[in-house]
Amino acid sequence: MLTQKGNRKLQLFRLQAPQATHLIVEKTIAMNRLLLLLPIMGLLIFGCSNEPTAESPEYDVCIYGGTSAGVIAAHAAGKLGLKTLLIEPGTHLGGLSSSGLGSTDIGNKHAVTGLSRDFYRRLGDHYGIFEAWTFEPSLAEKTFEEYIAEVEVDVWREHRLQSAAKEGTNIQRITVEDLTAGGASKQVSARIFIDCTYEGDLLAAAGVSYTIGREANSTYNETLNGVQLRKYHQFEDGIDPYVVPGDSTSRLLWGINDEPLSPDGTGDKKVQAYNFRLCWSDDPDNQVPFSETRPEGYDPEKYALLLRLLESREAKGKKRHDAGTYFIINRMPNHKTDINNRGAFSTDHIGGNWDYPEASYEEREAIRQDHEDYIKGLCYFLATDPRVPKRVQDDLNTWGWAKDEFTDNGNFPHQMYVREARRMIGETVMTEHHCLGDEVVQDPIGLAAYTMDSHNCDRVVIHKDGKTMVKNEGNVEVGGFPPFPIGYSALTPKASECTNLLVPVALSASHIAYGSIRMEPVFMVMGQVTAIAAQLAIEGQKTVQEVDHQKIVDLMNTDPLLNGTRPDILVDNTDAGQVEAVGTWQDTSRWMGQYKTNYAMTDPKESEASQFSFQTPVERPGKYQLYLYVPSRPRGMEAEWATTLPVTITHQESQTQKTIDLQAHERDWVDLGNYSFEQGGQCQLTLNAVTANGPVAADALLLVPTN
């Protein structure tokens with residue numbers, strides 16, 4: 001069924017859920033039949049005298065996709081001594097993390113481990129802080145390049161996948177086209193392949209089962225999947241959808257779908273909206289004005305619905321009406337930003353991406369360009385159109401494109417935010433039940449910690465209280481649960497389909513569970529996990545499904561950087577036997593603002609003797625930097641919180657007294673100094689809350705080895 005969204009230049013084919021499921025099954029069967037013939041076709045076409053065989057592959061590991069996960073997987077594989085090839089279809093490494101997504105979606109920092117955590121500490125070194133969770137894209141790309149330079153790894157840029165040839169359940173080789181050589185074909189064989197693309201291109205080429213869009217709630221007995229009409233990033237009631245208000249014969253405004261809204265929970269093939277994460281600057285010496293970047297084919301009528309929203313807010317006399325009403329402006333270092341979607345009409349190009357997951361390279365480029373033009377047009381419209389309220393326009397024009405970022409792409413990010421495309425259907429499918437803790441995987445290898453999050457998928461017409469109005473559909477933001485484990489078997493295809501492929505990005509999860517998992521730090525953790533799994537599979541001559549997940553976890557814990565350095569020592573307030581509370585301390589939770597599951601809180605006004613001690617043996621001698629985690633204040637208590645906190649650090653036979661400035665820290669580690677420990681020495685940190693001038697929290701102590 002062909003449906004037009006307003007006067008959009010791209011026409012998008014949409015399938016109802018039953019049809020789409022049937023087509024995916026047929027497509028998988030057809031693809032499997034084709035893939036069975038590919039090895040024979042390859043022999044017929046290319047001959048076999050000089051071709052590598054499954055017994056003597058060119059590489060131990062071939063990683064397709066130079067995303068953040070791909071870079072970390074390549075670095076880890078190199079550290080493990082594996083002969084590794086990283087293939088990137090574009091020219092830049094790092095994916096979204098080096099393309100504007102500098103305001104890291106953390107959820108809970110406890111979920112960020114190994115080389116992923118090391119990435120944020122390397123960024124912190126540059127800025128002179130412990131960890132940097134907000135950063136400039138150019139620095140992120142430089143850091144990813146350093147990871148590759150530190151190991152012996154081959155990197156092929158501007159090479160994109162053409163096909164995969166299997167022998168039984170093993171990928172024998174893949175064929176890529178070399179865009180630096182006029183599209184010439186090259187073949188690569190490897191023992192293990194890792195698909196690190198956002199799109200899941202390699203898993204699809206290998207005939208592995210996958211899905212696209214939103215499952216019905218009934219598929220996995222969920223409540224937040226499928227069609228969802230909710231209140232966030234939503235139009236206020238009463239915004240008319242027609243060119244001539246009230247006249248349904250005058251056609252819909254651009255960007256509105258004419259299909260009727262399906263019932264909540266209905267499955268479909270609609271994909272949550274994509275955008276770009278934009279890097280602006282408010283430094284006049286480092287700006288390119290929005291007025292200078294009018295896109296080719298600019299049409300202000302694309303923003304007529306936005307204008308209607310602007311006018312409605314002005315008519316209602318909204319006190320705040322500025323650029324921040326329409327963009328999430330996350331400030332980065334050096335007067336820069338990470339701009340994300342905010343509200344009903346913003347950078348999310350709703351509905352413009354539905355064809356993207358299965359599109360050809362040429363079609364994907366057209367969709368990418370359409371998104372770029374839409375966003376540049378949005379900024380140009382708000383910056384120049386005389387109908388835009390002056391206070392909004394003036395505020396926006398204090399910003400401009402950061403002149404020193406993305407200098408090879410007109411100061412515009414090179415990677416589109418592909419929030420979701422294909423999702424593998426693997427040995428385990430992560431669902432809403434895993435997020436909420438109602439089900440727990442038996443093979444945990446890492447944690448996810450963000451909300452169950454979906455951006456809007458559609459823009460529709462509804463009828464309410466006798467009025468016709470426009471609404472966005474698909475946004476879900478449900479959190480409040482602690483970090484939850486991801487199963488190793490969610491990274492592996494079904495054993496009957498492929499036994500030498502690992503998938504850390506387009507992994508096996510329902511739409512709504514993927515919305516919690518799909519964060520860049522988690523992708524990097526999963527990238528490292530798959531590199532370790534590849535090494536174990538090769539060493540043990542096993543399929544990827546046969547790898548013992550506990551061996552992966554053990555190595556992640558004992559050698560997180562894969563270079564033999566001592567691991568961190570963490571003591572959390574929930575670690576029985578390693579903490580001692582004197583006085584009245586209550587477990588408190590501020591979701592996304594604490595380390596691990598909760599923190600302990602006391603108010604010295606209500607407890608005569610309030611102390612909290614963390615203690616741990618130090619098994620490996622050396623120098624350690626000590627840190628105390630300061631969580632977010634409980635809601636409603638921000639003003640009452642203590643401004644300072646006296647602490648006592650016991651190390652070896654000595655004690656050190658310090659006073660922490662709590663006003664300078666929140667959701668952050670406080671540096672307590674560097675201390676030496678002998679083997680078997682004890683470290684103790686005591687929070688002397690009894691002398692604090694307000695409520696305080698005890699969350700976590702961290703010892704970081706220093707060389």
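- Note: H75 and Y147 meet the aromatic proximity criterion, with ring centroids under 6.0 Å apart.
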Steps toward side chain to side chain contact (heavy atoms under 4.5 Å, CB included) verdict (T134, D338) = CA-CA 9 Å; T134 57; D338 166 3; over 6 Å; no
Hey, mind stepping through V441 and Y488 against side chain to side chain contact (heavy atoms under 4.5 Å, CB included) and telling me if it holds?
CA-CA 9 Å; V441 296; Y488 173 66; over 6 Å; no
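- Using a 4.5 Å heavy-atom cutoff, the side chains of E420 and H455 are not in contact.
- For the residue pair N409 and H414, no side-chain donor N or O sits within less than 3.5 Å of a side-chain acceptor on the partner.
- Taking the six-membered ring where the residue is Trp, the centroids of Y417 and Y198 are separated by 6.0 Å or more.
- Side-chain contact between E520 and F523: present, with at least one pair of heavy atoms (C-beta onward) separated by less than 4.5 Å.
- In this structure, F130 and W669 have perpendicular ring planes: the angle between them is above 60°, well past the 30° mark.
- Side chains of F484 and S516 form a contact here, defined as non-hydrogen atoms less than 4.5 Å apart.
- None of W280, F290, F276 except one satisfies the ring pair (Phe, Tyr, Trp, His ring centres under 6.0 Å) rule with F412; the exception is F276.
- In this structure, R566 is positioned above the aromatic face of Y624, its NZ or CZ under 6.0 Å from the six-membered ring centre and within 45° of the axis.
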* **Derivation and outcome, side chain to side chain contact (heavy atoms under 4.5 Å, CB included), residues R518 and R419** => CA-CA 7 Å; R518 62 168 185 84; R419 290 189 168 93; 3.8 Å; yes
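- The closest side-chain heavy-atom distance from W156 to V188 is below 4.5 Å.
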- [ ] Determine, step by step, whether D118 and R122 satisfy the salt bridge (charged side-chain N to carboxylate O under 4.0 Å, His left out) criterion, reporting the C-alpha distance in whole Å, the side-chain angles of both residues, the deciding distance to 0.1 Å, and the verdict.
- [x] CA-CA 6 Å; D118 180 68; R122 290 192 187 202; 2.8 Å; yes
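- When each of P137, S98, S99, C279 is checked for a side-chain contact (heavy atoms from CB on, under 4.5 Å) with P413, only S99 meets the rule.
- Ring-centre distance between W401 and F406: not below the 6.0 Å cut-off.
- S281 and D283 share no donor-acceptor pair across their side chains, judged by distance under 3.5 Å alone.
- In this structure, F327 has its ring center no closer than 6.0 Å to that of W399.
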